[in-house]
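Right, one structure below, let's go through it.
These numbers come from a predicted model, not from an experiment. Note that ligands are numbered from 1 as they come in the structure, with each ligand's atoms numbered from 1 the same way.
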Amino acid sequence: MRLAVFASGRGTNLKRILEACKQGEIQAEPALVICNVPGAGAIQVGMDADVEVLGLDHREFPSRKAHEEAVLRGLEEHRIDLVALAGYMRLLSPFFVGRMHDPKLGQARILNIHPADPARYRGPDGYGWAIESGQTETAITVHFVDEGMDTGHVILQEKVPVLPGDTVDTLRRRGLETEHRVYPRAIQQVVSRIGGN
Ligand code: GRF
């Protein structure tokens with residue numbers, strides 16, 4: 001089972017996923033990192049772990065489809081079975097999601113981690129939303145990716161308390177600890193399901 005991770009930012013989830021593969025918590029080979037932001041921390045994280053890193057800056061492509069075609073070529077060349085989005089700040093088009101669809105799984109072979117409950121908040125700033133809207137509890141959600149934004153079928157979800165006095169930064173720190181625990185578990189669940197098909 002060959003895994004690709006897509007990231008646009010710091011790459012702390014990427015780092016944790018690569019460690020989990022090494023330690024056998026995820027029974028997959030991390031074969032590729034794709035990053036669309038030049039200079040993002042995730043690039044160094046992939047290189048430090050000796051994983052192939054493919055930098056594909058979407059701004060250098062004439063269209064979303066042209067960029068996604070380049071991403072798909074990368075997945076084919078590296079014989080990727082499963083994709084985990086880890087802070088990948090690009091919405092994937094129906095074209096891309098369709099190409100990754102696995103009829104046996106009934107889902108595209110793409111997972112995402114969302115730092116909120118998608119039933120309450122969908123979008124790029126889950127921790128900011130929880131603080132600004134005065135939540136006392138939020139959630140970390142791993143879900144399959146479909147054509148919408150943070151709308152796919154939920155695989156695992158864990159609650160995170162929002163404490164009095166929390167700022168976006170303190171909440172994010174607490175939330176990331178949960179993310180780093182939950183994402184490898186969710187990926188392994190899907191790896192087992194695909195492997196058992
Ligand atoms: C995480 O909060 C993740 O839930 C969200 O983007 C952030 C990525 O953080 N989708 P990192 O780059 O893995 O540190």
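Scored by the ring-ring contact (aromatic ring centres under 6.0 Å, His included) test, F96 finds no partners at all (sequence neighbours excluded).
When atom types are taken as modelled, the side chain of T141 and the backbone of A116 share a donor-acceptor pair closer than 3.5 angstrom.
We find the NE2-CD1 distance between H114 and I140 to be 9.0 Å, quoted to the nearest 0.5 Å.
Closest of all the heavy-atom pairs between A40 and G9 is CB-O, 3.6 Å.
Each of R10, G11, T12, N13, G87, I113, P115, Y127, E179 has a non-hydrogen atom positioned under 4.0 Å from some atom of ligand 1.
Applying the side chain to side chain donor-acceptor pair (under 3.5 Å) test to every pair with at least one member in residues 65-74, sequence neighbours left out, gives these pairs: E68-S93.
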Could you tabulate the donor-acceptor pairs under 3.5 Å formed by side-chain atoms of residues 15-22, not counting sequence neighbours?
unit_1 : atom_1 : unit_2 : atom_2 : d
R16    : NE     : H180   : O      : 3.2
R16    : NH2    : E25    : OE1    : 2.8
R16    : NH2    : E25    : OE2    : 3.2

